[in-house]
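Residue numbers count from 1 along this sequence.
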Amino acid sequence: MTSQDSSRQPKYQRIADALKAAIRSGEYGPGDRLPGENDLMATYDVARMTARQALGVLQNEGLVEARKGAGVFVRAFKPLRRRGIERLAQEQWGSGRSIWSADTEDRELVVDRIDVREQQAEDRIAEALGIAAGERVWARSRRFVLDGKPVLTATSYLPATLVADSAITQADPGPGGIYARLTDLGHEPVHFREEIRCRMPSADEAERLSLSLGTPVIQIVRTAFAEGGRPVEVNDMTLDSASYVLEYDFDAR
């Protein structure tokens, strides 16, 4: 950018660019507090609104997060690597391990909220499961927390006729999770399909994931199929995009 182009920028944008350059250079590292509004007003001789807008640019880009009563801090990014193929391998859940353990390695992922209930299937879930709208499904909703921060919410839907009276209807389905239990029932998942999109969160999603302003979410909808192509589960997941890297490792042949 030329000096002439730079001079045409709004003041708040020039301040934001200077702060971003300081972050990139390492002057401000992960977890460091940035200069506050008063500091920016004094340094750049601008009004409070201009200083606030500059910090807002960084928040909207997901580089920093505001902590009430404490200031604005550079976001620490220690991502979870969601290994999309490895985590769904039969050797993972078939050996009694949680599929989530493939993502977390030596970090502890905690389920701090779980709700398991039987309900009517909404249209999109019924269509994905190949059942009639309004048929009963078991819904398993969970929130996952890592290092004290919510990173994921997930709701699995399974046909009630398939899983009634099984451990899948309990809060703890046992070693290997619901895929191991589906296998016990004679409906082993043999194929998975995931649809991925990125979008801005709803107010409820932002609250449940404790998202900073301007942070998008990643929505992953996975369908598990048994032999013969029968859908046996739909899992609707919402991920904090600032907490995840999606990794897919597969051979060309």
How close do [X] and [Y] get, heavy atom to heavy atom, and via which atoms?
| X | Y | result |
| --- | --- | --- |
| Gly177 | Pro173 | CA-CG, 3.9 Å |
| Asn235 | Ala154 | OD1-CB, 3.7 Å |
| Pro201 | Ala206 | CB-N, 4.1 Å |
| Ala51 | Met41 | CB-CG, 4.1 Å |
| Ala16 | Ala54 | CB-O, 3.7 Å |
| Val116 | Ile168 | CG1-O, 4.2 Å |

Report task. Give a yes or no on whether the backbone of Ala132 and the side-chain of Glu135 come within a donor-acceptor separation of less than 3.5 Å. Result ->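 Yes, because the side chain of Glu135 sits within donor-acceptor range (under 3.5 Å) of the backbone of Ala132.
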
Query raised in the report: Hey, does the side chain of Lys20 reach the backbone of Leu63 with a donor-acceptor pair shorter than 3.5 angstrom?
Result: no

Query raised in the report: Who passes side-chain contact (heavy atoms from CB on, under 4.5 Å) against Pro231, sequence neighbours left out?
Result: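 Only Leu129, Thr223, Phe225 meet the side-chain contact (heavy atoms from CB on, under 4.5 Å) criterion with Pro231.
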
Query raised in the report: What residues form a side-chain contact (heavy atoms from CB on, under 4.5 Å) with Thr155, not counting sequence neighbours?
Result: Ala139, Ser141, Tyr157

Requested in this report: Please report the C-alpha distance between Val72 and Leu58 in whole Å, then the side-chain angles of each, then the deciding distance to 0.1 Å, and finally whether the side chain to side chain contact (heavy atoms under 4.5 Å, CB included) criterion is met.
Outcome: CA-CA 10 Å; Val72 176; Leu58 272 63; over 6 Å; no

Report task. Give the C-alpha distance, both sets of side-chain angles, the deciding distance and a yes or no for side chain to side chain contact (heavy atoms under 4.5 Å, CB included) between Leu34 and Val64. Result -> CA-CA 9 Å; Leu34 289 183; Val64 301; 3.6 Å; yes

Taking a hydrophobic cluster as the set of Ile, Leu, Val, Met, Phe, Trp and Tyr residues connected by side-chain heavy atoms closer than 4.5 Å, whether directly or through intermediates, do [X] and [Y] fall within one such cluster?
| X | Y | answer |
| --- | --- | --- |
| Ile196 | Met200 | no |
| Ile23 | Leu55 | yes |
| Val145 | Val217 | no |
| Leu185 | Val232 | yes |
| Tyr244 | Val221 | no |

Kindly compute the distance separating [atom1] ([X]) from [atom2] ([Y]), expressed to the nearest 0.5 Å.
| X | Y | atom1 | atom2 | answer |
| --- | --- | --- | --- | --- |
| Leu152 | Ser243 | CG | OG | 9.5 Å |
| Leu162 | His187 | CG | NE2 | 4.0 Å |
| Met237 | Arg222 | CE | CZ | 4.0 Å |
| Ile178 | Thr169 | CD1 | OG1 | 12.0 Å |
| Leu239 | Thr153 | CG | OG1 | 8.0 Å |
| Leu40 | Leu19 | CG | CG | 5.5 Å |

Kindly indicate whether the side chain of [X], heavy atoms from C-beta on, has any atom under 4.5 Å from the side chain of [Y].
| X | Y | result |
| --- | --- | --- |
| Leu182 | Pro189 | yes |
| Leu209 | Val151 | no |
| Asp240 | Lys149 | yes |

Decide if atom [atom1] of [X] counts as having more than 12 heavy atoms of other residues, nucleotides or ligands within a radius under 6.0 Å.
| X | atom1 | answer |
| --- | --- | --- |
| Glu122 | CD | yes |
| Asp45 | CG | no |
| Glu118 | CD | yes |

Requested in this report: Give the C-alpha distance, both sets of side-chain angles, the deciding distance and a yes or no for side chain to side chain contact (heavy atoms under 4.5 Å, CB included) between Val137 and Leu158.
Outcome: CA-CA 5 Å; Val137 293; Leu158 304 101; over 6 Å; no

Query - Salt bridge flag under 4.0 Å for residues Glu195 and Arg197 - result: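 Looking at Arg197 together with Glu195, the answer is no, because their closest N to O distance does not fall below 4.0 Å.
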
Query raised in the report: Ion pair present between Arg140 and Asp115, side-chain N to carboxylate O less than 4.0 angstrom?
Result: no

Report task. Among residues two or more places apart or on two chains, list those pairs meeting side chain to side chain donor-acceptor pair (under 3.5 Å) that have a residue in residues 48-59. Result ->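 Passing the test, one end in residues 48-59: Glu37-Arg48, Glu37-Arg52, Asn38-Arg48.
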
Report task. Provide the full list of side chain to side chain donor-acceptor pair (under 3.5 Å) pairs with a residue in residues 24-33, sequence neighbours left out, each pair given once. Result -> none

Query raised in the report: Less than 6.0 Å separating the ring centroids of Tyr179 and Phe192?
Result: yes

Between [Y] and [X], is there a side-chain donor-acceptor contact under 3.5 Å, judged purely by atom types and distance?
| X | Y | value |
| --- | --- | --- |
| Arg199 | Gln219 | yes |
| Glu233 | Ser156 | yes |
| Gln9 | Asp17 | yes |

Report task. Quick one: do Ile114 and Val111 satisfy side chain to side chain contact (heavy atoms under 4.5 Å, CB included)? Show the steps, please. Result -> CA-CA 7 Å; Ile114 183 165; Val111 179; 4.3 Å; yes

Query raised in the report: Taking it one step at a time, do Arg124 and Asp236 satisfy salt bridge (Lys or Arg N to Asp or Glu O under 4.0 Å)?
Result: CA-CA 11 Å; Arg124 68 182 182 93; Asp236 192 348; 2.6 Å; yes

**Report entry** salt bridge (Lys or Arg N to Asp or Glu O under 4.0 Å) partners for Asp165, two or more places apart
**Finding:** none

Query raised in the report: Partners of Phe73 by ring pair (Phe, Tyr, Trp, His ring centres under 6.0 Å), sequence neighbours excluded?
Result: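 Ring pair (Phe, Tyr, Trp, His ring centres under 6.0 Å) check on Phe73 returns nothing, list empty.
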
